Amino acid sequence: MTRFYAILISIIAVTDVWAENAIKLYPDSKGESAKVTLTPYPASRSNNTGIAVIVCPGGSYSWLDIKEEGIGTAQWLQSNGINAFVLRYRVANVSAYILGYRVLGVGNKYPDMLFDIETALKYVYENSNLYNIDTQMIGVMGFSAGGHLAMSSYLYNDTPYKPSFICPIYPVVTMSDNKISHTRSRRGALGVWGQFNKELRDSLSIEKHIDGTCPPVFLVNCRDDKTVKYQNSVVLDSALTANNINHKYIQYGTGGHGFGASDIKGTEESRQWKNEFLLWILNLRQSLK
């Protein structure tokens, strides 16, 4: 619960910053979809690699860790010449999580957030010239539940706008395996009643839907993660390996969960993921030339 309250305070603290440059993805909509935004952090002209990353913060599909996993990550990417876009996607909301009013069957749940990442990808593709982005290098990075959404942005995406690469960081993966499933995210994504639907759980278990068409994946987690069991990443790595998908999996011994791109959170060991990612993405770009 300590992390929950810290995230709640962060949400309140960054509200004004979030709204400043946010693009409404459904400008003519009302209700919850009207709150869906994409905030650009474009690379400078002199340092633009042409790479773009849509960032999906985590938060158990019930809130969004905007400060560390959203803004902090985008600023780090931006400083390294990568165009970043922070997605505020629909989630169950903190009030729904605390009060449980979704027992009535109302509130945000899948596929709402899938539609949001699809719309975000469409925006980045259609505005690639505005940001000097190479359309072969548009990817999605997600943390925790956002990692599940990042993988979903390809696996369950029926639009022409799909990511060229995916970066799930300490991700939620399975909705099926009760031994390792992150039940809070499962409830946030599927709803109070949907979480008990085996067919629905299986349909959104990432490891069950990897095929040979999946784009390159950069996967990171820590063995001492006490929030999302590390085996989530292990089963994803196994599925990617079985399907011969170009991917890099790094499992650190220490670092826990929720460190994002922070220079302070996590451990010295886990914070190495940022340099590893930069090497990986630049090599990927070079291989596509």
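The shown structure was predicted, so the numbers you read here are calculated from the model rather than taken from an experiment. Counting begins at 1 with the first residue of the sequence.
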Enquirer: According to the interplanar angle, ranging from 0 to 90°, do the rings of Tyr110 and His148 count as parallel (below 30°), tilted (30 to 60°) or perpendicular (above 60°)?
Expert: perpendicular
Enquirer: So which heavy atom on Trp273 is nearest to which on Gly260, and how close?
Expert: NE1-O, 3.0 Å
Enquirer: Does the side chain of Ser233 reach to within under 4.5 Å of the side chain of Pro171, using non-hydrogen atoms?
Expert: yes
Enquirer: With a 4.5 Å heavy-atom cut-off, do Tyr61 and Leu149 have their side chains touching?
Expert: yes
Enquirer: Taking side chain as C-beta onward, heavy atoms only, is Ser203 less than 4.5 Å from Leu200?
Expert: yes
Enquirer: Between Glu268 and Arg271, is the salt bridge (charged side-chain N to carboxylate O under 4.0 Å, His left out) condition met? List the steps.
Expert: CA-CA 5 Å; Glu268 184 177 353; Arg271 290 191 290 271; 5.7 Å; no
Enquirer: Enter the distance from Thr267:OG1 to Phe259:CZ here, rounded to the nearest 0.5 Å.
Expert: 7.5 Å
Enquirer: State whether Lys229 and Asp225 are salt-bridged, where the test is any N-O pair (Lys NZ or Arg NE/NH1/NH2 against Asp/Glu carboxylate O) under 4.0 Å.
Expert: no
Enquirer: Are Glu118 and Lys122 within salt-bridge range, i.e. N to O under 4.0 Å?
Expert: no
Enquirer: Would you give the length of the straight line joining atom CD of Glu69 to atom CZ of Phe143, rounded to the nearest 0.5 angstrom?
Expert: 6.0 Å
Enquirer: Does this structure show an ion pair linking Asp134 with Arg285, if we count only N-O contacts that are shorter than 4.0 Å?
Expert: no
Enquirer: Mind jotting down which residue pairs meet the ring pair (Phe, Tyr, Trp, His ring centres under 6.0 Å) criterion with at least one end in residues 197-228? Sequence neighbours excluded, please.
Expert: Tyr156-His209, Phe218-Phe277, Phe218-Trp280
Enquirer: According to the interplanar angle, ranging from 0 to 90°, do the rings of His257 and Tyr170 count as parallel (below 30°), tilted (30 to 60°) or perpendicular (above 60°)?
Expert: tilted
